[in-house]
Every structure is written in structure tokens, then in C-alpha cells.
Amino acid sequence: MQLINSPLAVVRSVRSSIAGLRLLDIGCGTGSLARQLVAESADVSSIDPAADAIREAAAAVPQARSVEVQAQALPFDEAGFDIAVMVARRCSGRRSEG
């Protein structure tokens, strides 16, 4: 069994080569996954509902299309992507003592 230890590994578990594929990064945040996908020669669109995150993602990954929008209202064609990825980060909300 292959260890899947990163968002990019999740994408590669679907398709080993993503060069030329149209990928949608849902909830892109500051663009860290989009940067990796673009480096793999994917055609990337990134969305996030937070304007600050989209501005940062657009500056960090100018090769990707970055759009401020919620995932419930995608402004793309229905079959516009080969793969869509949404990475959720788990936060406990607790601060460490120290």
C-alpha cells in the first residue's frame, strides 16, 4: 500500500502524471498546493472565499487562475476539470501552553 502523505500525493494517487491536466484547487488558501501543481505542468484554477487568501495565492502563483468564490457557486463549465481537490486542515482550536 502506498503512503499518501501530502495533497500532491493524493492527486498523484489518481493520476501519476498530471502534466496538462485541468485541476481545480478548492479552498486554495495562499496557493501552496497550486504552486506544486503548476510545477508539475498542470493547468490550475484556484478558488477560495477569502479575498486576502486569493490575493496572496494570485501573487504567489501567477500561472494559476485565482478566483474569489465559494465552492457552492463555481463559475466554471460543468466538465471543466479533470481533477478537483479540496484539502481540509484540522485545527483543534487549543493553544499550547508555554
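All values below were derived from every heavy atom in this structure, side-chain atoms included, with hydrogens, water molecules and symmetry-related copies excluded.
- Counting heavy atoms from C-beta outward, V67 and P75 have side chains that approach closer than 4.5 Å.
- A heavy-atom distance below 4.5 Å is not found between the side chains of V11 and E40.
- For the residue pair P49 and Q70, the shortest heavy atom distance occurs at CB-CG, 3.8 Å.
- Taking CZ from R65 and SG from C28, the interatomic distance works out to 12.5 Å, rounded to the nearest 0.5 Å.
- A57 and S66 make their closest contact through C-OG, 4.0 Å (heavy atoms, listed as atom of the first residue, atom of the second, distance).
- Across every non-hydrogen atom of I83 and R15, the tightest pair is CD1-CG, 4.0 Å.
- Both V61 and L8 belong to a single network of hydrophobic side chains, linked directly or stepwise wherever heavy atoms of I, L, V, M, F, W or Y lie under 4.5 Å apart.
- Contact check for V85 versus V10: no side-chain heavy atoms found under the 4.5 Å cut-off.
- In this view, A60 and R35 satisfy the side-chain contact (heavy atoms from CB on, under 4.5 Å) rule, not counting sequence neighbours.
- In the hydrophobic clustering of ILVMFWY residues, with side-chain heavy atoms under 4.5 Å counting as a link, I26 and F81 come out together.
- Note that CD of Q36 is 12.0 Å distant from CG of L23, once rounded to the nearest 0.5 Å.
- For the pair V87 and L33, the minimum side-chain heavy-atom distance is below 4.5 Å.
- Put simply, M86 and V69 are part of the same group of oily side chains (I, L, V, M, F, W, Y) that touch within less than 4.5 Å, one to the next.
- Legend: residues meeting side-chain contact (heavy atoms from CB on, under 4.5 Å) with A53, ordered by chain and number and at least two apart, are D48, A50.
- Pairing each heavy atom of I47 with each of I54, the nearest pair is C-CD1, 4.0 Å.
- Both V14 and V38 sit in one connected hydrophobic cluster of ILVMFWY residues. Membership requires side-chain heavy atoms under 4.5 Å apart, directly or through other members.
- Atom CZ of F76 sits about 12.0 Å away from atom CZ of R22, to the nearest 0.5 Å.
- Tested against S45 for a side-chain contact (heavy atoms from CB on, under 4.5 Å), the candidates L24, L37, D25, L74 yield a single pass: L24.
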